[in-house]
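Here the structure comes first, spelled out in structure tokens, and everything after it is commentary.
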Amino acid sequence: MRNRSVMDAEGFGELLQQAEQLAAETEAISELPHVERNLQEIQQAGERLRARTLTRTSQETANVKASILLGSRGLDISHISQRLESLSAATTFEPLEPVKDTDIQGFLKNERDNALLSAIEESRRRTFATAEEYHRESMLVEWEQVKQRILHTLLASGEDALDFTQEAEPSFLSDTGPAGRSSLDSVEVAYGRQIYVFNEKIVNGHLQPSLGDLCASVAERLDDKNVSEMWAMVKQMTDVLLVPARDALNSRTSVEMQMAFVSRALQFLEQSYKNYTMVTVFGNLHQAQLGGVPGTYQLVRSFLNIKLPGPIPGLQDGEVEGHPVWALIYYCMRCGDLVAAMQVVNRAQHQLGEFKNWFQEYMNSTDRRYKNYTMVTVFGNLHQAQLGGVPGTYQLVRSFLNIKLPGPIPGLQDGEVEGHPVWALIYYCMRCGDLVAAMQVVNRAQHQLGEFKNWFQEYMNSTDRRLAPTAENKLRLHYRRALRNNTDPYKRAVYCLIGKCDITDNHGEVADKTEDYLWLKLNQVCFEEDSTSSPQDRLTLPQLQKQLLEDYGESHFAAGQQPYLYFQVLFLTAQFEAAVAFLFRIERLRSHAVHVALVLYELRLLLMSSGHSTRLLSQEPVDPPMIRRLNFIRLLMLYTRKFESTDPREALQYFYFLRNEKDSQGENMFMRCVSELVIESGEFDMLLGRLEKDGSRKPGVIDKFAGDTRAIISTVAREAENKGLFEEAVKLYELAKNPDKVMGLMNKLLSPVVSQVSAPQSNKERLKNMALAIAERYRTQGISAEKSVDSTFFLLLDLITFFDEYHAAHVDRAYDVMERLKLVPLSQDSVEERVAAFINFSDEVRHNLSEVLLATMNILFTQYKRLKGTTPASPARPQRALEDRDSQLRTQARALITFAGMIPYRMAGDTNARLVQMEVLMN
């Protein structure tokens, strides 16, 4: 113990001596600064140096470990380091360093590099510009489609500004009713039934019926006077001969066709007015004073023209105005008009003796129902009744004026005929369309009318209701000099009608209703070019159309309150498209508008928009003035949108009208609408048919309308595919017998679910059953697709089997499946072969490669753990066999990692790490 103390003392003494010597040497060196630190500061500095040294050592140790790990996998660390150091983080091309003028090699190198950089930069700029352009075009196309969908949910008025005074119409989006219930109302159902009848005749090759008559029959059943009159007008206006022309525009704008339209409109207005006068007269018989009280004598005379057309033997006491006395008396009494009977008695009193006195005492009231019967009989046989004029217009107008003009009116000129103003009689006879009756008045008052009789005679005998130029100019001159400010409104109106002059005068005193104004203006329309006429004497049809549609417009005619009247104004002036578009905007009248458009379309009288994305009513720059075009396709699609999801059969009937129309891409509109209808309604089986278990196709509704149903089904399938409805598209392509598309789409559907766990009602289970059914049908029928598509389809089915066994923990069976598939290498010898075969796999298979490798590695690792967990070697399983199996599993795992590193495919981020981790655990 003492010896150790001595040794320690000597050691410390020696250490002290060395420290003193070192301090002395340090002091001798004056260049170095003195550092004075206490023990605590020295300790802290030492700790900092130690920590820095340890950090560097741990980093170096980590680098060494990484080098060992990666080097063991065949990676050259030094080569990788050099490549990493050579990488530049610059995102743009840096300018090259300048060189000396005498450095030719450097100059040439710089020029070459500059040329390469310029080409690369230009290519980059062009690539980005092209990508931008493609992106913009794609957005424009997508926006156009969205815009069309928006437009199809709105109603366009066809005007530049919306009229907010109209009642708000419900949106199309709210028109659809509950699923499974029809969205059609009773009127739409009635029209739809007639459309079905019409299409059935066409599809079955029968004689094409009149669609106008079929639709008009709906109006009769509706018992709506306005609708009935509307269809009567439509039938009247469309009953014209088509003028041969290359298209509907040239036909509609031809002089012959326009003259026919005006003539038809005048006939309709005149007949309507004549009916109006009859209703007025027979609604006010006492005031009308047709004869007797009230007008019975004239009525009975006309009735006897029908009842007793020839002489009857045995009748006595002569005749009155060509009719047997006692027959006249009897039928006047039968009508309950004893005053009319007394009128007959007075005329034949000399033959009747004392009967007049007896009858005078008898005059009392009796039954009037028979009078109604006589009216029905007379006005059901007007020609035979011979009321007067053709047929009886003169007598009718005389009676009408008793109501219209009950008293004298100041300012009327040229006297009277039978107590009525001459010009009023002439005007109302013309207004009823009976020029013969008007001529009857002219003849009776010819002495007061001067040269007018000759002009009227010429006007009546002309085929186009137009005077010869000489006579017309003479009449116009007379009008301007003597009649422009005349106090007789009827005289001015008649002269303006015959001479087609003074078109600025609306004749409000006479034409006090819209129909009267329209009739007067249509009579003044001129078609011939006449340079001698002044602007105030020439009215063309386009001028009249512009005045009614643009100058006056809806507000003038109170179209919101009187839609039928405004429709009539437009339709009678041959503005069919504007009339239909207006009526279509009113919810309760929309069905009428659509079917009027269908009638016009079938008769080739409808002017259709050239572009299907235009407004409902549009005007094209190349068209003549006042020509409007109707977007007929959009009209039908808007109409059917309400019920296509609940009543697809009825919608299909309407789409059949579009069978000859094409869109801007040249696609048949019938096929396009059918595809949208099928997808919208989801009624694939009902509309397109379905596959039976034996592979045969059960026909659908579409088979009736199209001979080549495969083309339509293919179109619908493409549309479903474009909208991402792949399962529906698969079924449709199978209906269309297109196995390539069937298997191609099934590959896209199966690829994402291959590695998923199967569960009842899951997507994978449904798609797997669907794929197996297709495979079975195709195997039974001997159908195959393109080789690459076919092989991918069956490989995906095998992979589904592999993953089902894997997820069910059937490791050995899953291993056997993978071994048979030969998709990944299970030995080092097959790595190169599998890598070479990898390029032949489709993307659908490559997408699942990460999961396949991980599942296979898991199977190998499971087998490895099971091998290690078994009992020691036995005679049945010698140690050698266990060691061979252990080596085989590690070799297979190493082959999988080598394969994963060699294939030119970027797998999921942690796939390689997980593979290496399991392989390390096995080693």
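Counting begins at 1 with the first residue of the sequence.
Residues passing the side-chain contact (heavy atoms from CB on, under 4.5 Å) test with Met686 are Pro648, Arg649, Glu683, Val701, sequence neighbours excluded. Judged as a ring pair (Phe, Tyr, Trp, His ring centres under 6.0 Å), and not counting sequence neighbours, the contacts of Phe632 are Tyr601. Remark: Phe670 pairs with Tyr656 by the ring pair (Phe, Tyr, Trp, His ring centres under 6.0 Å) rule, at least two apart or across chains. Judged as a salt bridge (Lys or Arg N to Asp or Glu O under 4.0 Å), and not counting sequence neighbours, the contacts of Lys741 are Glu721.
Note that the OG1 atom of Thr640 and the CG atom of Leu677 stand 7.5 Å from one another [nearest 0.5 Å]. Taken from CZ in Phe576 to CG in Leu606, the straight-line distance is 9.5 Å, to the nearest 0.5 Å.
In this structure, Tyr566 and Phe557 have tilted ring planes: the angle between them lies in the 30° to 60° band.
Pairs engaging residues 514-524 under the salt bridge (Lys or Arg N to Asp or Glu O under 4.0 Å) rule: Arg431-Asp516 [sequence neighbours left out]. Residue pairs that meet the side-chain hydrogen bond (donor to acceptor under 3.5 Å, both in side chains) test with at least one member in residues 221-233, sequence neighbours left out, are Tyr191-Trp231.
Under 3.5 Å, the side chains of Tyr654 and His595 contain a donor-acceptor pair of N or O atoms. Side-chain atoms of Gln236 and Gln271 include no donor-acceptor pair closer than 3.5 Å.
Checked against the 6.0 Å centroid threshold, Tyr564 and Phe567 do not count as a close aromatic pair.
Side chains of Glu188 and Lys642 form a contact here, defined as non-hydrogen atoms less than 4.5 Å apart.
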